[in-house]
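Read through the structure below, which is laid out as structure tokens, and then see the notes.
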2 protein chains.
Amino acid sequence: MSSEIERMCIERGMRITDQRRVIAKVLSQANDHPDVEEVYRRSTEIDSNISIATVYRTVRLFEEAGILERHEFRVESGENRARFELATEMHHDHLIDVESGEVIEFHDSEIEELQHKITEKYGYKLVDHRMELYGVKIK
Amino acid sequence: MSSEIERMCIERGMRITDQRRVIAKVLSQANDHPDVEEVYRRSTEIDSNISIATVYRTVRLFEEAGILERHEFRVESGENRARFELATEMHHDHLIDVESGEVIEFHDSEIEELQHKITEKYGYKLVDHRMELYGVKIK
DNA sequence: ATATTTGCAAACCGTTTGCAGCAAG
DNA sequence: CTTGCTGCAAACGGTTTGCAAATAT
């Protein structure tokens, strides 16, 4: 809920404003992966007094606080908008339907393990990764 | 070699110009993953008569012809430049050193297999994927 | 001869930022 | 009261594009 985010704001000494409360609510209610335009659209539906600059600032803030995750899925249209989702306890990756744009979340610990192994094989410690699968629905 | 690219140009009815020959040469000689600025820099060293607009048009052309692959690695600086490499017969993924920016190529057929399995589990056919590992060197 | 490609500069698009006013603490 | 936040509009950075001149075929 938004109280979760409010708590994090207080913790980090950030002020809780009407705009942040609304944007936080929109994000915690989303179960898709909206871009800034879409977050802006949904936020202004609740409170028309929100500018897109504030949405940009807020998602960046939340991302830096570890509240949000930013994605840059490849999409037919070639548009390059970042998309966001609440950071979850459980890490997951994404399967993107290239036709509809639908995004399916999944987790595979076998792959995660192999990723660690590969990284170590080359003398590295894995600090982050990005894995996106692009598929078409089988009829 | 550049004759490889020339052949593909002819095949697709594209004209072979001095600029394309130079850009093709730069790309086939690169064993890193240069961005457009860098391809431009290397190209103008060979022939100063090349504009960056032409480099942009040419890498796009080559990419659409399947000659090049485009990457958008996440990088500390936050800069968002696409980087390119010759498409190879053998598919591979990338391990990026987050400190130095160095890029290591690897292939793991076990992971590839698992990616197919996951995609099928959700009723999809895998048409593309992107996997990037970000690591720090172990001292 | 003609269709394609080029260089230039202007436009583009998503995102960031400087600033003056506003609101949270 | 002070500090941080907002809205606006202008700037940004990487990339694309319209156009007239140049070039490949």
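So you know, we letter chains A, B, ... as the sequences are listed, proteins then strands, and number each from 1.
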Distance check needed: C/dC12 P versus A/N80 CG, whole Å only.
18 Å

Rounded distance in Å - CZ (B/R81) to P (C/dC13):
22 Å

Carboxylate-amine/guanidinium proximity below 4.0 Å for B/D32 and B/R42
yes

Short side-chain N/O contact to D/dT16 OP1/OP2 from B/R60, under 4.0 Å:
yes

Summary of protein contacts for nucleotides 3-8 of chain C, nucleotide by nucleotide, where a base hit scores B, a sugar-phosphate-only hit scores S (4.0 Å, heavy atoms):
BBSBBB

Less than 4.0 angstrom from a charged side-chain N to a carboxylate O is my criterion; do A/E11 and A/R7 meet it?
no

Electrostatic pair A/D18-A/K25, nearest N-O below 4.0 angstrom:
no

Does C/dT15 have OP1 or OP2 under 4.0 Å away from a side-chain N or O of A/Y56?
yes

Let me know the distance between CG of A/D35 and C1' of C/dG14, rounded to the nearest Å.
10 Å

Quick test of your reading of the model: are A/R41 and A/E45 salt-bridged, counting only N-O distances below 4.0 Å?
yes

Interatomic distance, B/E64 CD vs D/dT15 C1' [rounded to whole Å]
14 Å

Interatomic distance, A/E72 CD vs D/dT15 C1' [rounded to whole Å]:
15 Å

Just say parallel, tilted or perpendicular for the rings of A/F73 and A/H33, cut-offs at 30° and 60°.
perpendicular

For the helix from C/dA1-D/dT25 to C/dG25-D/dC1, figure out the bend between the end axes, five pairs an end, and round to 10 degrees.
30°

B/I16 vs B/E37, nearer the 5' end of DNA chain D by closest nucleotide:
B/E37

Is the shortest distance from a Lys or Arg side-chain nitrogen in B/E72 or B/R81 to a carboxylate oxygen in the other one below 4.0 Å?
no

Gap between atoms CD and P, on B/E79 and D/dG14 respectively (whole Å)
7 Å

Using side-chain hydrogen bond (donor to acceptor under 3.5 Å, both in side chains) as the criterion, point out the one residue from B/E85, B/E132, B/R83 that pairs with B/H94.
B/E85

Only one of B/H91, B/H92, B/H116 passes ring pair (Phe, Tyr, Trp, His ring centres under 6.0 Å) with B/H129, and that residue is B/H91

Protein-nucleotide distance (B/H71, atom NE2; D/dG14, atom P), rounded to Å
19 Å

How long is the span from the NE2 atom in B/H71 to the CG atom in B/L68, to the nearest 0.5 Å?
9.5 Å

